[in-house]
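Each remark here refers to the structure printed beneath this line.
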Amino acid sequence: MVDQYCEDPSHEDKEMATTTEGANLLLYLKRKLLSAETAGKLEYMKYKVLSQNGLYSYARTKRKAPRIEVDEAPLPQGAISGPSAPQEAIEVASPRGRRLPEEPQLQVIQGLFYGKYAPPDLPPVPSLRSLIQVHSKPFEKQLTSSDVRDDQSRLSMCKEDVENHIFPLLKDDEDPNQGIPVTTYDMGGNEYPMVFKTWVSKTHVLTGGWKSFCHDRGLVEKTDFVTVWVFRNVVNGSLCFAINSRRFPAVSEAIKKRRRQN
DNA sequence: GTACTGCATGGGC
DNA sequence: CGCCCATGCAGTA
């Protein structure tokens, strides 16, 4: 696209027009009130770009309230409005994990993620904030070929992550061996119905909508890493996942996961 | 045949 | 050696 402009002798005029157009668009957008859906998508794009460059630190960034005033979905009854609504979200401690209140949270996370990456404790999806009260900390997985292959495409998760981040959130009547229906959200707030299940062989998987999630985002093995948050929908109590992905084109081998030292 | 599920296996740690 | 997990492939709808 840029090359075309360079070869075109009248490109300066066009460029000028484009610049003016762009400036007008930016001015317009600055005043534009966004729908919840559009705001969510923009937030997702921002998060994706910044998280890939390791620049995103959602938890530490002071954020203005999202400009959502038109078409905003009504908040569930009892929910406090505003960006900091679920302040008292309850984090479920892992059975093995010790809770050391003085310890900075970032240190706890480090070592579990690839590179310098500290995803927020809560999925950075504005439309989900009022739904989350009970949740666990995120975990990450480098995708394998069986995670993304068309004839398989189920997300397998390791024992440690499942025991630490999913099992603590399960209710008594939810049996992973039977399969638990879950709703998975992407960073745009789009829903994918999936099933979380533990096979007889003790493999833990996410099936069902995982395939379309994979397709929609064009996920590939090894270079793509998914971050998984697990929480309960405070309104209907259902088990929910939120999944984001980051891509490292330079990564072409399986990364060995560091053993947790307890 | 196609899409999907889930058990069994073997390599790696 | 035992455990874990990626995946091969058999079975089902």
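What's counted below: heavy atoms across the whole structure, side chains too, no hydrogens, waters or symmetry copies. Every chain is numbered from 1, with letters handed out A, B, ... down the list of sequences.
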Less than 4.0 angstrom between a side-chain N/O of [X] and OP1 or OP2 of [N], yes or no?
X: A:Lys159; N: C:dC3; answer: no
X: A:Ser146; N: C:dT7; answer: yes
X: A:Arg149; N: C:dA6; answer: no

For [X] and [N], give me the distance from atom [atom1] to atom [atom2], rounded to whole Å.
X: A:Asp150; N: B:dT2; atom1: CG; atom2: C1'; result: 12 Å
X: A:Asp147; N: C:dA6; atom1: CG; atom2: C1'; result: 8 Å
X: A:Lys211; N: B:dT2; atom1: NZ; atom2: P; result: 12 Å
X: A:Ile255; N: C:dA6; atom1: CD1; atom2: C1'; result: 16 Å

I need the minimum non-hydrogen distance between [X] and [Y], along with the two atoms involved.
X: A:Glu163; Y: A:Pro168; answer: O-CD, 3.2 Å
X: A:Arg232; Y: A:Leu239; answer: NH1-N, 3.5 Å
X: A:Thr223; Y: A:Pro249; answer: CG2-O, 4.0 Å

Under 3.5 Å, which protein N or O atoms sit close to an N or O of nucleotides 5-8 of chain B? Give each pair with its distance.
{"from": "B:dG6", "atom 1": "OP1", "to": "A:Lys197", "atom 2": "NZ", "distance (Å)": "2.8"}
{"from": "B:dG6", "atom 1": "N7", "to": "A:Arg154", "atom 2": "NH1", "distance (Å)": "3.0"}
{"from": "B:dG6", "atom 1": "O6", "to": "A:Arg154", "atom 2": "NH1", "distance (Å)": "2.7"}
{"from": "B:dG6", "atom 1": "O6", "to": "A:Arg154", "atom 2": "NH2", "distance (Å)": "3.3"}
{"from": "B:dC7", "atom 1": "OP2", "to": "A:Val200", "atom 2": "N", "distance (Å)": "2.7"}

Is there a donor-acceptor contact under 3.5 Å linking the side chains of A:Thr227 and A:Lys141?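 No.
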Flag for A:His204-A:Asp161: side-chain donor and acceptor within less than 3.5 Å: no
Hydrophobic cluster mates of A:Val200, side-chain heavy atoms under 4.5 angstrom, ILVMFWY only, any path?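 Other cluster members: none.
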Looking at every strand, decide which applies to A:Lys202 at a 4.0 Å heavy-atom threshold: base, sugar-phosphate, or nothing. nothing
